[in-house]
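Here's the structure, in structure tokens; my notes come after.
Remember, it's 1-based here, ligands and their atoms both numbered in the order they're listed. Residue numbers run from 1 in the order of the sequence given.
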Amino acid sequence: MRSSAIIVAAAATLAGLASASPAHKFDKHATHIAYTYPNGTFTKPFDVVTNGKAQQLPSNNIVSEVFVAPPFDGRRYVLTSCSFQAPSNKSLGAVSIRKPTTVPVNPPAAIGYVTCNSN
Ligand SMILES: *[C@@H]1O[C@H](CO)[C@@H](O)[C@H](O)[C@H]1NC(C)=O
Ligand SMILES: *[C@@H]1O[C@H](CO)[C@@H](O)[C@H](O)[C@H]1NC(C)=O
């Protein structure tokens with residue numbers, strides 16, 4: 001099986017996808033992550049502490065898209081990088097975002113851990 005990669009798509013191509021994203025709330029320290037399965041259903045947003053440490057966030061099933069909302073400092077979103085690992089810890093790639101973004105997982109893969117960091 002070839003190595004999976006989460007494609008960092010241009011913001012312009014994500015505009016349509018982002019509008020179909022699940023509802024979410026914001027706070028200063030958490031990045032919000034929701035998984036979308038190939039059948040179109042999605043999870044609620046989970047809080048991931050934006051501290052550069054790997055956190056267990058199992059998707060349990062294959063995921064085709066990840067919605068990532070960076071922390072909001074009260075005035076604007078904070079530039080945040082998140083990397084994703086399979087349950088085996090194999091790297092699935094990383095994204096760097098400065099606004100809520102839906103990122104395709106290509107090819108679709110199960111996710112086990114998420115690591116988010118902002119400077
Ligand atoms: C969609 O797929 C997810 C993950 O495999 C599953 O948990 C969910 O029940 C499915 N929903 C429908 C409506 O098929
Ligand atoms: C994957 O990494 C996490 C956090 O770094 C660790 O707790 C876990 O034991 C690792 N799992 C495997 C299967 O190596």
Closest heavy-atom pair, Q85 versus V114, reported as atoms and distance to 0.1 Å, is OE1-N, 4.4 Å
Do ligand 2 and N89 have nitrogen or oxygen atoms that lie under 3.5 Å from each other? yes
Tabulated below should be the N or O atoms of ligand 1 paired with protein N or O atoms at under 3.5 Å; can you produce that?
{"unit_1": "ligand 1", "atom_1": "2 (O)", "unit_2": "N39", "atom_2": "OD1", "d": "3.4"}
{"unit_1": "ligand 1", "atom_1": "2 (O)", "unit_2": "N39", "atom_2": "ND2", "d": "2.4"}
{"unit_1": "ligand 1", "atom_1": "5 (O)", "unit_2": "N61", "atom_2": "ND2", "d": "3.4"}
{"unit_1": "ligand 1", "atom_1": "11 (N)", "unit_2": "N39", "atom_2": "ND2", "d": "3.0"}
{"unit_1": "ligand 1", "atom_1": "14 (O)", "unit_2": "N39", "atom_2": "ND2", "d": "3.1"}

Separation of R76 CZ from K99 NZ (nearest 0.5 Å): 15.5 Å
Let me see the working for T31 and C82 under side-chain contact (heavy atoms from CB on, under 4.5 Å), right down to the final yes or no. CA-CA 9 Å; T31 298; C82 292; 3.9 Å; yes
With a 4.0 Å cut-off on heavy atoms, is P87 in contact with ligand 2? yes
N39: which residues meet the side-chain hydrogen bond (donor to acceptor under 3.5 Å, both in side chains) condition with it, sequence neighbours left out? T41
Mind running side-chain contact (heavy atoms from CB on, under 4.5 Å) on V49 and Q55 for me, showing each step along the way? CA-CA 8 Å; V49 182; Q55 287 165 67; 3.6 Å; yes
When you look at L57 and Y35, which way does the side-chain contact (heavy atoms from CB on, under 4.5 Å) test go after all the steps? CA-CA 10 Å; L57 189 62; Y35 295 136; 3.5 Å; yes
Side-chain heavy atoms of Y37 within contact of T43, under 4.5 Å: yes
